[in-house]
J.: 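The structure under discussion is supplied below as structure tokens; questions concerning it will follow.
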There are 2 protein chains.
Amino acid sequence: MASINDVSRLAQVSKATVSRVLSGSRGVTEQSRDAVLRAAEILNYKPNAIAQSLSSQTTHCIGVICATEHIQQATGYLQALEKQLRLHQKHLLLRFANNSSAVAQACGELSTGLCDAIMVVGARFPLPEAAQQAVLIDCLDASGEQQVGIDYEFASQTATHYLLTQQRRKIALFNFYPGEAADQVLQGYCSALESMALPFNRQLVIAGESSASVALQGLINRHIAFDALLVTDYYQGLEVAELLKRYQRAVPQEVMVFSLDGSAAIFGQPHLPLIAYPLETLAQRAIKLLSGGASDFPLLRGNLLTPY
Amino acid sequence: MASINDVSRLAQVSKATVSRVLSGSRGVTEQSRDAVLRAAEILNYKPNAIAQSLSSQTTHCIGVICATEHIQQATGYLQALEKQLRLHQKHLLLRFANNSSAVAQACGELSTGLCDAIMVVGARFPLPEAAQQAVLIDCLDASGEQQVGIDYEFASQTATHYLLTQQRRKIALFNFYPGEAADQVLQGYCSALESMALPFNRQLVIAGESSASVALQGLINRHIAFDALLVTDYYQGLEVAELLKRYQRAVPQEVMVFSLDGSAAIFGQPHLPLIAYPLETLAQRAIKLLSGGASDFPLLRGNLLTPY
DNA sequence: CTGTTAGCGCGTTCAG
DNA sequence: CTGAACGCGCTAACAG
């Protein structure tokens, strides 16, 4: 690979001039400029990004730690983030991690000067201290300073209202692991019930179960009646829908399954009703945070999407 | 961020000694070693990756260009690749691109010394010249030197055989855009038919249509009878299955949909029969190629997976 | 306007 | 075993 020295030699000018021409080409003779450009063209010269980084102390690389357990969720986020980062001339350094210590390790390995910043996306578990500095996107444990949050209270309220309009009265809720986000979801769920003057049945709420399938089994084992299931992500929704069929419970006729997070509404029509978030907006906010913009975004609200 | 100078100062030794201790700590007094380690600990010193890269002319970064049109497909690949790369202490620089010129641009922007190598994954379109040097993974236009290919002939043969055992005799094939891969698929399809002494119906093969849905519409418009659909990827399969239902054709009773590429068998049971590839193997081969290992892998063969 | 010089942080000689 | 010195490729400050 040709270096700046090769170009300066061929163009008969100094390295500095070459640098000037290719960076902020101001204050350079047209003659020198041409010579440099021609030489660069001939040698197919591209400034070495590493050297530029060392000199400028900025790499244009953003470390993105995908902390989503269901990897499929990650895709939507990744695609949106990559697009926005690309538009801002930044590179996306990808890393998967689905528990606290893996995130910690990823943070460590990315904090060696390689990245200008780190983002953690979609974590459903408590975050390590190492992630405090990171931009948190749709993370439940939003202890960091900079974050793009999602309005889960609004989502669960919308979802519950929708289910009520569908004549469902025994809505089971499989909530996040206990924490602020779970409280918000519960809050929205309760508000919706209250607004219709309906009683709250504690037995229908299950929090912190390892998976929605397990939660569902528990519900069934305990012979608790339900005609709707509110789950926290789309893939859990598909999972329980599948399981329900095996229990001979028709979906959605007998039991309606609703997902609070459907950033993954992929191929045309969704199979389950869900709340879908505008990923582009999410990504744009993330970029704004990186650029040091204001961090006082309102929680992001999604749209109700239903099959048919 | 503390630099090597800070450490050397605090430890009362020279930079060289610090470097020695933290790299190949051989030939250093235990005393100096301790002093350095302690100082590094205190300062929370991490060698600057960029400086190391500049010096060593190697970044440990691998550029991965995801060229999959259906982004969902990418996820499986990405997860597998990231894992293997991580195990080899390499970073994954992600880029999406779904046409030839986007791939070319991505290659250009990643070939500035930032990456040690570039991989292109899942391209279903002709690749630009710029990608010749890259490691090609499941790319149809495998004009490059280093590649991890998939045995599509084997896949389509398996698929066709399976459909035949399901008493399907009018199997429509929605093939890749014309090219070597499409030929292989067609070859496998024909072999399977021949082995059962069945005739080949040219009208049932559609190649290079923009999407499987469009191809399906064409088939229906022309009143061509079919009882099975062989498509090239899982999401197209879901798409046509959905469309078939709208045409009142029961899936899989009346029409069975089969996908040749199901790296995306995600949540437990698949909804459609498919050929699923061992992504871990795929990723391991990719890494081997990066390490300069032999590039004479046999085409990768997948497994038949069916619902229930 | 241009060339020279001095770092950026690190690895690696090469003498001592 | 250790430290001083050089180079990786580039940018920025400083003289001409």
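In what follows, every chain begins at residue 1, and chains take the letters A, B, ... in the order their sequences are listed. These values consider heavy atoms only, across backbone and side chains, with no hydrogens, waters or symmetry-generated copies.
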J.: Under 4.0 Å: is that the gap between some side-chain N or O of B:Q57 and OP1 or OP2 of C:dG11?
T.: no
J.: Using a cut-off of less than 4.0 Å, is there contact between a side-chain N or O of A:S32 and OP1 or OP2 of C:dC1?
T.: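 Result: no.
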J.: What's the CG-P distance between B:N5 and C:dG7, to the nearest Å?
T.: 12 Å
J.: Take atom CD1 of B:I4 and atom P of C:dG7, then tell me their distance rounded to the nearest Å.
T.: 18 Å
J.: To the nearest Å, how far apart are A:D6 CG and D:dC8 P?
T.: 11 Å
J.: Quickly work out the A:I50 CD1 to D:dG7 C1' distance and round it to whole Å.
T.: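 Nearest whole value for this atom pair: 16 Å.
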J.: Within the 3.5 Å criterion, strictly below it, is a donor on A:Y152 or A:D138 matched to an acceptor on the partner's side chain?
T.: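 Yes - a donor-acceptor pair under 3.5 Å links their side chains.
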J.: Mind checking if A:S53 touches a base, just sugar-phosphate, or nothing, with heavy atoms under 4.0 Å?
T.: nothing
J.: Can you measure B:Q31 atom CD to D:dC1 atom C1' for me and round it to whole angstrom units?
T.: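 Checked: the CD to C1' distance equals 12 Å.
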J.: Tell me which of A:K15 and A:T29 sits closer to the 5' end of DNA chain C, going by the nucleotide each one is nearest to.
T.: A:T29
J.: Out of curiosity, B:K83 NZ to B:L78 CG, how far, rounded to the nearest 0.5 Å?
T.: 15.0 Å
J.: Quick one: is A:Q52 getting a side-chain N or O under 4.0 Å of the D:dT11 phosphate, OP1 or OP2?
T.: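 Answer is yes, contact under 4.0 Å.
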J.: Step by step, work out the side-chain contact (heavy atoms from CB on, under 4.5 Å) result for B:L290 and B:I62.
T.: CA-CA 9 Å; B:L290 291 180; B:I62 308 297; 3.8 Å; yes
J.: Between atom CZ in B:R20 and atom P in C:dC14, what is the gap in whole Å?
T.: 13 Å
J.: Quick one: do A:V121 and A:L81 satisfy side-chain contact (heavy atoms from CB on, under 4.5 Å)? Show the steps, please.
T.: CA-CA 10 Å; A:V121 185; A:L81 283 173; 3.9 Å; yes
J.: Please determine whether a side-chain nitrogen of the Lys or Arg among A:E109 and A:R95 lies less than 4.0 Å from a carboxylate oxygen of the Asp or Glu.
T.: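 Yes, this pair counts.
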J.: Which part of the nucleic acid, if any, lies within contact of B:S55, taking any heavy atom under 4.0 Å across all strands shown: a base, the sugar-phosphate backbone alone, or nothing?
T.: base
J.: Among C:dT2, D:dG9, C:dG11, which nucleotide sits nearest the side chain of B:S19?
T.: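 For the B:S19 side chain, the nearest candidate turns out to be C:dG11.
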J.: Show your reasoning for whether side-chain contact (heavy atoms from CB on, under 4.5 Å) applies to B:V36 and B:L22.
T.: CA-CA 9 Å; B:V36 168; B:L22 285 105; 3.7 Å; yes
J.: Using whole Å, what does the distance between atom P of nucleotide C:dT2 and atom CG of A:L22 come to?
T.: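 Atom-to-atom, A:L22 to C:dT2, this comes out as 14 Å.
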J.: Could you tell me whether A:V18 contacts a base, only the sugar-phosphate backbone, or nothing, with contacts defined as non-hydrogen atoms closer than 4.0 Å?
T.: nothing
J.: Return the minimal non-hydrogen interatomic distance between B:V28 and B:S32, and the atom names on each side.
T.: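 Taking every non-hydrogen atom into account, CG1-CB, 3.8 Å.
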J.: Which of residues 107-115 of chain B sit near DNA chain D, with a heavy atom under 4.0 Å from it?
T.: none
J.: Contact class for A:T17 (heavy atom, under 4.0 Å): base, sugar-phosphate, or nothing?
T.: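 Counting heavy atoms under 4.0 Å across all strands, the contact made by A:T17 is with sugar-phosphate only.
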J.: Reckon B:S14 has a side-chain N or O less than 4.0 Å from the OP1 or OP2 of D:dA4?
T.: no
J.: Between B:A16 and B:A51, just flag the one whose closest nucleotide in DNA chain D comes earlier from the 5' side.
T.: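 On the 5' side of the pair lies B:A16.
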J.: To the nearest Å, how far apart are A:L54 CG and D:dA12 P?
T.: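 After rounding, the gap between these two atoms is 13 Å.
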J.: Does A:S23 have a side-chain nitrogen or oxygen under 4.0 Å from the phosphate oxygens OP1 or OP2 of D:dT11?
T.: yes
J.: Side chain of B:D6, backbone of B:S3: donor and acceptor closer than 3.5 Å?
T.: yes
